[in-house]
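See below for the structure under consideration.
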Amino acid sequence: VERARDAAPGLPAVLIGHSLGAHISALAVLTGTVDVAALVTLAGGNIHYANWDGASRLGIRLTGWLFSGLTRLFGYLPGRRFGFGGPQAATLIREWAQVIRGGRYDHATGGHALNGRAPLLAIGFEGDRLAPRKSIAQLAAMMDGRVEILPADGPGNPHSAWARNPDRTVELIDGALREILKPCAA
């Protein structure tokens, strides 16, 4: 964020994150670690297991336990082997697993209230089993954010298919940021 401010002095900083990056970006804003004019999350939400339904609820819990255990075995999570990005830091994955179990961010806040704020646009995608609507809405509620669920854009997993056909998503972000940042321009 500081590099963006240095590169474009006087312009409002906007933080945008996808999936785990959305989760981390929201947490950075909620804890007051970063101060931005707006936050956009894409396919990211509160990963508490209760935000999933049916068998997916059990699946997310098992994933948290498995990934946490793998970090103990390898010292990190070899994400590529499991379709979870690249190598992931052990601490990050263990904290992620804690949120799955409890829905809280105590590892980052020391139990203190989350009081950082920024206007939030939380974007989800229909049929995304990795970031269901309830998960996205739960995180957005922590920040009084606006939730938009878009239709899946193209074949493949809706969680990342939007990136191959980003026009609708970019249009939504552009319009929302123009509204959110309008007071900054005045």
Side-chain angles (χ1 to χ4, degrees), residues 1-4 15-36 39-118 120-125 127-145 147 156-163:
V1 173
E2 292 307 316
R3 285 186 187 167
L15 191 56
I16 300 175
H18 171 256
S19 193
L20 183 57
H23 181 84
I24 292 168
S25 298
L27 190 54
V29 170
L30 284 165
T31 59
T33 304
V34 297
D35 180 27
V36 293
L39 171 65
V40 178
T41 60
L42 296 148
N46 181 305
I47 56 174
H48 186 234
Y49 74 91
N51 291 325
W52 273 255
D53 293 319
S56 294
R57 183 176 283 191
L58 176 60
I60 191 71
R61 288 191 84 169
L62 291 174
T63 300
W65 288 324
L66 173 66
F67 283 10
S68 187
L70 288 170
T71 65
R72 284 169 175 60
L73 179 65
F74 294 107
Y76 70 102
L77 177 69
R80 284 194 218 298
R81 291 186 189 180
F82 302 97
F84 197 78
Q88 304 292 331
T91 301
L92 173 68
I93 294 303
R94 289 179 194 152
E95 290 172 350
W96 179 79
Q98 286 176 352
V99 178
I100 288 172
R101 290 189 300 272
R104 297 173 45 90
Y105 298 92
D106 293 342
H107 62 278
T109 67
H112 296 92
L114 296 169
N115 55 12
R117 290 285 178 255
L120 167 68
L121 171 61
I123 301 173
F125 302 94
D128 184 351
R129 294 182 315 198
L130 300 176
R133 178 186 305 256
K134 198 172 178 182
S135 170
I136 291 165
Q138 182 68 29
L139 183 61
M142 296 173 80
M143 300 178 71
D144 300 321
V147 176
N157 183 346
H159 191 72
S160 54
W162 67 271

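We're numbering straight along the sequence, starting at 1.
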Checking the side chain of [X] only, and the main-chain atoms of [Y] only, is there a donor and an acceptor separated by less than 3.5 Å?
| X | Y | value |
| --- | --- | --- |
| Asn46 | Gly103 | yes |
| Asn157 | Ser160 | no |
| Ser25 | Gly21 | yes |
| Thr63 | Gly59 | yes |

Specify the closest pair of heavy atoms between [X] and [Y], including all atoms of both residues, with the distance to one decimal.
| X | Y | result |
| --- | --- | --- |
| Ala97 | Gly64 | CB-O, 3.6 Å |
| His159 | Ala43 | CE1-O, 3.1 Å |
| Leu30 | Met142 | CD2-O, 3.9 Å |
| Ile47 | Ile60 | O-CG1, 4.3 Å |
| Met143 | Ala118 | CE-O, 3.9 Å |
| Ser56 | Trp52 | CB-CD1, 3.5 Å |

>> Tell me whether the rings of Phe67 and Phe82 are parallel (<30°), tilted (30 to 60°) or perpendicular (>60°).
In response: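 Answer is tilted, since the angle falls between 30° and 60°.
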> Would Arg61 count as a cation-pi partner of Tyr49, with NZ or CZ less than 6.0 Å from the six-membered ring centre and within 45° of the ring normal?
Replying inline: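 Relative to the ring axis of Tyr49, which defines the angle, Arg61 lies inside both limits.
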>> A cation-pi test, strictly: NZ or CZ of Arg133 under 6.0 Å from the centre of the six-membered ring of Phe125 and no more than 45 degrees from its axis. Yes or no?
In response: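 The answer is no; the distance or angle limit is not met.
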> How far apart are the C-alpha atoms of Val34 and Leu15, what are their side-chain angles, what is the distance that settles it, and do they pass the side chain to side chain contact (heavy atoms under 4.5 Å, CB included) test?
Replying inline: CA-CA 9 Å; Val34 297; Leu15 191 56; 4.0 Å; yes
> Stepwise, does the side chain to side chain contact (heavy atoms under 4.5 Å, CB included) test hold for Leu92 with Leu20?
Replying inline: CA-CA 10 Å; Leu92 173 68; Leu20 183 57; 3.8 Å; yes
> Do Tyr105 and His23 have ring centres separated by under 6.0 Å?
Replying inline: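 Yes, they do, as the ring centres are separated by less than 6.0 Å.
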> Side chains of Thr71 and Tyr76: does their closest heavy-atom pair fall under 4.5 Å?
Replying inline: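 No - every pair of side-chain heavy atoms lies 4.5 Å or more apart.
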>> For Arg129, is the CZ atom crowded, meaning more than 12 foreign heavy atoms sit under 6.0 Å from it?
In response: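 No, the 6.0 Å shell around CZ holds no more than 12 heavy atoms from other groups.
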>> Applying side chain to side chain contact (heavy atoms under 4.5 Å, CB included) to Arg81 and Leu70, what does each step give before you reach the verdict?
In response: CA-CA 11 Å; Arg81 291 186 189 180; Leu70 288 170; over 6 Å; no
Separation of [Y] [atom2] from [X] [atom1] (nearest 0.5 Å):
| X | Y | atom1 | atom2 | result |
| --- | --- | --- | --- | --- |
| Ile123 | Asp128 | CD1 | CG | 12.5 Å |
| Lys134 | Asn51 | NZ | CG | 6.0 Å |
| Arg101 | Ser68 | CZ | OG | 6.0 Å |
| Ile93 | Arg72 | CD1 | CZ | 12.0 Å |
| Leu39 | Leu120 | CG | CG | 5.0 Å |

>> For a side chain to side chain contact (heavy atoms under 4.5 Å, CB included) check, start with the C-alpha distance between Thr41 and Ile136, then their side-chain angles and the critical distance, and finish with the verdict.
In response: CA-CA 9 Å; Thr41 60; Ile136 291 165; 5.5 Å; no
